[in-house]
Amino acid sequence: MQLTTREDIAAPIEAVFANIADFGWFERAAMRRGAEIVRTDTLQAPGVGMSWHAEFEYRGRERKADIDLTQYDPPEGMTLVMRAAGLDVEAVIELVAMSRTRTRMNITMEATPRTIPARLMIQSAKLAKTNIRNRYRRRIAEFCADLEERCQSRGF
């Protein structure tokens, strides 16, 4: 199952990329929501090979996930792969400079089941695809609005 959306952000591409590559900010945000995040690599600088282990509650059950940064191409984008309970989710973030002060962010998430229970979950999600797509687009729009605000508050 694939979900795709795009948002325009009133900030330069370098500022947008710097904010989406602020992995510490994402770690803290996940912890504020109750997740436990542990960095599992030893890299000093952001790049391919960064990885995390996350434990969080979702739909009343404790879940575990491993996240790997598989592509890191400043300032054009990055790819993250999450593996959890028989499900692989690939998130591709692409940035395109529309002008010096405007950036378009394309985000594609593709979930691939590896087990029969995960396949059933994806199948049932496909039945509610319109609702899921609308929620996904709304959340990405909210994230991009916050990102734009962060870029402007940092003086970009």
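The figures that follow rest on heavy atoms only: side chains count, while hydrogens, waters and symmetry mates do not. Just so you know, these numbers come straight off a predicted model, no measurement behind them.
Counting non-hydrogen atoms of other residues, nucleotides and ligands closer than 6.0 Å to CZ of Arg114 gives a total above 12. For CD1 of Ile116, the number of neighbouring non-hydrogen atoms (other residues, nucleotides, ligands) closer than 6.0 Å is 12 at most. The local environment of NZ in Lys129 is crowded, with over 12 non-hydrogen atoms from other residues, nucleotides or ligands closer than 6.0 Å. The environment of CZ in Arg139 is sparse: at most 12 heavy-atom neighbours from other residues, nucleotides or ligands sit within 6.0 Å. When the shell of 6.0 Å around CD of Gln71 is examined, it contains more than 12 heavy atoms from other residues, nucleotides or ligands.
Using a 4.5 Å cut-off between side-chain heavy atoms of Ile, Leu, Val, Met, Phe, Trp and Tyr, with links allowed through other members, Ile107 and Met98 fall into different hydrophobic clusters. Ile67 and Tyr58 fall into different hydrophobic clusters, where Ile, Leu, Val, Met, Phe, Trp and Tyr are joined by side-chain heavy atoms under 4.5 Å apart, directly or via other members. Met121 and Phe56 end up in different hydrophobic clusters when Ile, Leu, Val, Met, Phe, Trp and Tyr side chains are linked at under 4.5 Å. Linking ILVMFWY side-chain heavy atoms closer than 4.5 Å, directly or via other members, places Val96 and Phe17 in two distinct hydrophobic clusters. When hydrophobic clusters are built by joining Ile, Leu, Val, Met, Phe, Trp and Tyr residues whose side-chain heavy atoms come closer than 4.5 Å, directly or via intermediates, Ile93 is not grouped with Val81.
Under the side-chain contact (heavy atoms from CB on, under 4.5 Å) test applied with Met105, the options Ile20, Thr5, Ile13, Asp8 reduce to a single match, Ile20.
Counting all heavy atoms, side chain and backbone alike, Ala141 lies closest to Glu7 at CB-OE2, 3.6 Å. Pairing each heavy atom of Cys151 with each of Asn19, the nearest pair is SG-ND2, 3.1 Å. Closest heavy-atom contact between Leu87 and Ala111: CD1-CB, 4.2 Å. The minimum heavy-atom distance between Ala54 and Ile37, with the atom names listed, is CB-CD1, 3.5 Å. Shortest non-hydrogen contact noted between Pro113 and Ala118 is CB-C, 3.6 Å. Smallest separation of non-hydrogen atoms from Ala10 and Glu148: N-OE1, 3.0 Å.
With values rounded to the nearest 0.5 angstrom, Glu90 atom CD is found 11.5 Å from Asp68 atom CG. Leu3 CG to Thr108 OG1: the interatomic distance, rounded to the nearest 0.5 Å, is 9.0 Å. Between the CD1 atom of Ile140 and the CG atom of Asn106 there is a distance of 11.5 Å, given to the nearest 0.5 Å. With rounding to the nearest 0.5 Å, the separation of CH2 in Trp52 from CE in Met82 is 13.5 Å. Separation of atoms CD (Gln152) and CG (Leu147) is listed at 10.0 Å; rounding is to 0.5 Å. Distance check: Thr112 OG1 to Gln2 CD gives 9.5 Å after rounding to the nearest 0.5 Å.
Side-chain contact check for Leu95 versus Ile9: every heavy-atom pair is 4.5 Å or farther apart. Counting heavy atoms from C-beta outward, Met1 and Ile132 have side chains that approach closer than 4.5 Å. Side chains of Glu36 and Val38 form no contact here, defined as non-hydrogen atoms less than 4.5 Å apart. You'll find the side chain of Arg63 reaches within 4.5 Å of the side chain of Arg61, heavy atoms only. A heavy-atom distance below 4.5 Å is found between the side chains of Arg39 and Met50.
Between the side chain of Arg28 and the main chain of Gly24, a donor-acceptor pair closer than 3.5 Å is present.
Side-chain N/O atoms of Thr40 and Ser51 include a donor and acceptor closer than 3.5 Å.
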